[in-house]
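Okay, structure first, notes after.
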Amino acid sequence: MKKIIIAVLLVSLLIVAGCATSSAGSADSPERLAGNDGGSADTEGKTAVKEIVKIPYVLKNTNYFSDGYIESYMVYTYDENMKVVREDLFDSFDEIIESAVSEVLEDGSVKRELFDSRGILKSWRKTVNDGNENPIRIESYSADDELQTVSEYSYNEIGGKTLWRVLDADGIVISETRYLYEDGLNTRIDIYDASMTLYEYFVNEYEDGRRVKNSHFDADGKLKAAIEYVYTEGAVSAEKYLRANGSTSRTVSYINDAEGSHLKAEYFDGNGKLKDWTETEYEYVSEEVTVWK
Amino acid sequence: MNKRIFTLVAAGCLLLSAAPVFSNEMSAVWSRIYNTTDNLEARLSVMQNIVDLHDRDMEPVINEALKEIVYSLDESMSFNERQQLDDLMKMMIRELGSLKAVDSAPEMYKVMQTTEDEFLRAIAIAGMGNAGARDYADEIAEHLRYLNTGILTIENNEQRNSVVDACILSLERLKHPAGFEPVFFASIGRYARESVMKAERALQNMVEDPTDLVVDIIKADNSFEVRLAALGVEERSKATAERQTEAATAAIEVSLVYNAVTPTDREYQTRTKVKAAEMIRDLGTENEDAVEWLGVMLNSSTNVNELVISLQALGTYSSNNAVTILSTYLAYHSDRRVAGIQYKDERAIRECINAIANTGNPNGKTALMMVEYSNWSSQTIRMAKNALKNM
C-alpha cells in the first residue's frame, strides 16, 4: 500500500508535468496541483504512518515535434517550501508564450495569475486547501476580478476525492461528479448535470491494485471509449486509447526513471506514427508523507 | 448577450454534443459546461480549464468550438464582445496548434484571413505551423511576402513583429520550399533584430538543401547585396559541398555577367565574387563548371583580392582545364615581365605559382620553368623552382 500512496503522489505531480507543453495554466481541479486522485487508498484496518519518501518536482517539461524540433517548453520555479511560484511557457525561440505566477495569500489560499506573452493578466484563480494540502475550493476569476466558476471538492478520510461540484458565479451547481469506491479503489465516476441527472460515467478496472482500464460510458451505458494501461516495474509505461469499436485511436509510451517518474512520453496516432513527444526533468526532494499501513 | 450569440451557443451545444469522447471526467465535465454556458466571459474561463488539461481527446471539442465562432461571427457584436471572442480564439488556436491538430487548419486560416486583431492573426499563423498545415504554406509565405514588400503594412511595431515572427516560425516548421524566399527576404529586411535572427535560424532549418532556391534568388534578383546574402545562406545551410559549389558558381557567373549600377552595389559585386571563390576554394569539390568562370574572374579582374582568391580556388583543381588557365596566366605575365613591364606587387604571380604547384598537374611545369628566365624577383623565382622540385 505504501507504494500505492507514493504512486498516487507521483502521478499527481506528473499530471502537472504532462500539461506543461501547451499552457502555463492548471486546470481547475485538485489533481493538477497536488494531493490525491482518490484512486487507490484504503483505511480499513490500517493506520497512518509518517515516512520519508522522495518526491519528484518537475523542473522543466519540453515538447518536441516528431522530427526532434522543440515546439515549446515549460519551466517551473519553486519557493523554499517547494511550492510552485512561477510557470513560464517558452517557444523554440526562448520567448515567453505565457506565464503563471502563484502566491500564498494571508488566509493560506493560493492565488495563481495567468499572463499572456505581453504580460497582460488573462485570468486568475484562488485555491483553498484543506489541512492535507488537498484543494477544497477553487474560484476562477476573469482579469476584471469577476467570479466565473467555483469548483468544490470533498475527500474521504485518507484524501481520496469523493465529490467535485462546479458552481456558476451565482452559486448554482452546474455539474456534480461523484467518485465511488470499492475495497478502497475508485471504481466508478458518475457525472451529473445541473438537474442532477446522470449524464455519463467512467468505470475503472484494477488488477493487483493497479488501474488497468478506464472506460467511458454515456448515461445509457453505451461504451464511448476506453484507455488501457500497461505497467513496467510498477509504473505506467504505456497507454492505449480505444474507440468504442475496439480500434486504437492513439497510444502513449513512457520511459520512466528508477523512481517511476516519466522522463519521456511519446505520443503516437492510431496508425502507430509518432506525432510528438515530451521530456521532463525533475528535482527529487525527500519529504515526510503519510503512509497507510 | 444578444439574441444572435445565444442562437450560436445553442447551435454549438447541439454540434458539440454529437459524439464527444473524453479520457477523463475533467475533460467531460468542462466540455459539457462550456457547451451549456452562454456567457462569453464564463466560456473564456471554462475554456481555460479545458486547455489546461492538455487532453489530446479534446482536439475535436476545441475544434468544433472554434468552428462555431469562426463561421458564425456577428458583425454587430460590441467591441468588448469581439475582444472576448478574440481572446477565446487565441486560447483555442494555441492549444490546437500544440495538439498538432492539422484538421483545424482551415479554421485557423479563416481566422488569419479575417481577423482585425494582429495578435490573433499571429497566433493563427503560428498555430498552422505547429499543427503542420503544409497545405497553407503558400498562403503564409504570401502573407510574409506582402509584409516584406510593403504591400501589407502594420503600423504598430509590436503587432508587426508579432505577425512577422509568426510567419517565420510557421514557415520554419512547415519546411516548405515556398517559405524560403520570403523568409530569406525577412532575414535581410528592415525588421527588428530579433526577427532577423529568427529568419536566419529558420533558413537553416526549413530546407535541407536550399541550393536551387538560392540560385533562383542569385539569378533573379538584381541587387548584389541580396545575392551576397543568399550566398551566405547557402554557406550556412546543410547542403552538400557539391551543391554549395553550384550556388557559388552561379554567384560568380552573375557577378561577371551583370554590371553593378551604384558604387555600393559594385562593392557588393566584388564581395560576391570573392565570397563565391572562397567557397569554391574551401569546399574543394573540383566542380568543373566553376573553372571557366574562375578563369574569367582571373583574367578580367584588377583587384588583387579577387586575383588571389580566384588563383587559390583554381589551385584546388587537378584538371587540365584549371592548370591551363593558371599556366596561361603565369606565362602571359612572364612574357610581359620579359618585355620590361614592371610589377610593383608580385603577390598574384606567387599565388599563381602556388596554385599550379597545388594542382599537382605536370602540364603546369612549362609555365613554372619560364619564371626563372623572366626577370621576376629572386623570391618569386625561388618559389617556382621549389614548386617544380615538388611536382
For this session: Apply ring-ring contact (aromatic ring centres under 6.0 Å, His included) to A:Y229 and list each qualifying residue two or more places apart in sequence or on a separate chain.
Result: none
Problem set entry | A:E200 and B:R32 ion-paired at < 4.0 Å | no
[atom2] on [Y] to [atom1] on [X], rounded to 0.5 Å:
X      : Y      : atom1 : atom2 : answer
A:N214 : B:N24  : CG    : CG    : 8.0 Å
B:R94  : A:S117 : CZ    : OG    : 6.0 Å
B:D57  : A:K224 : CG    : NZ    : 11.5 Å
B:D165 : A:D91  : CG    : CG    : 8.5 Å
B:D87  : A:I120 : CG    : CD1   : 9.0 Å

Problem set entry | Atom CD of A:E95: over 12 foreign heavy atoms under 6.0 Å | yes
Exercise. Counting heavy atoms not belonging to A:K111, are there more than 12 under 6.0 Å from its NZ?
Worked result: yes
Per-residue contact mode, [X] against chain B (heavy atom under 4.5 angstrom):
X      : answer
A:R243 : neither
A:D218 : neither
A:S175 : both
A:I189 : side chain
A:S92  : both
A:E146 : side chain
A:F217 : neither

Seminar exercise, completed: By side-chain contact (heavy atoms from CB on, under 4.5 Å), A:F115 pairs with (sequence neighbours left out) A:V101, A:E113, A:L121
For this session: Tabulate, in ascending numerical order, the residues of residues 166-174 of chain B having at least one heavy atom closer than 4.5 Å to a heavy atom of chain A, or enter 'none'.
Result: B:L169, B:E172, B:R173
Identify the heavy atoms of [X] and [Y] that sit nearest to each other, and give their distance.
X      : Y      : result
B:S45  : A:T149 : OG-OG1, 4.0 Å
B:K100 : A:N63  : NZ-OD1, 3.0 Å
B:N49  : A:S140 : ND2-OG, 4.4 Å

Exercise. What do the steps show when you test B:K90 against A:E98 for salt bridge (charged side-chain N to carboxylate O under 4.0 Å, His left out), and what is the final call?
Worked result: CA-CA 12 Å; B:K90 284 176 192 170; A:E98 62 184 28; over 6 Å; no
For this session: With sequence neighbours left out, write down each residue that passes salt bridge (Lys or Arg N to Asp or Glu O under 4.0 Å) with B:R236, or none if nothing qualifies.
Result: none
For this session: Have a look at B:E25 and tell me which of A:W164, A:Y201, A:Y179 forms a side chain to side chain donor-acceptor pair (under 3.5 Å) with it.
Result: A:Y179
For this session: Give the C-alpha distance, both sets of side-chain angles, the deciding distance and a yes or no for side-chain contact (heavy atoms from CB on, under 4.5 Å) between B:N130 and A:F65.
Result: CA-CA 8 Å; B:N130 285 342; A:F65 290 101; 3.4 Å; yes
For this session: Mind running side-chain contact (heavy atoms from CB on, under 4.5 Å) on B:E158 and A:R118 for me, showing each step along the way?
Result: CA-CA 10 Å; B:E158 196 184 0; A:R118 291 180 291 151; 2.8 Å; yes
For this session: Just give me the residue among A:S142, A:S249, A:A143 that pairs up with chain B most often, heavy atom to heavy atom, under 4.5 Å.
Result: A:S142
Exercise. Quick one: is the NZ or CZ of B:R56 closer than 6.0 Å to the six-membered ring centre of A:Y241, and within 45° of its axis?
Worked result: no
Problem set entry | Check: B:T36 and A:I174 side chains under 4.5 Å, non-hydrogen atoms | no
Problem set entry | Close side-chain approach of A:K122 and B:L44, heavy atoms under 4.5 Å | no
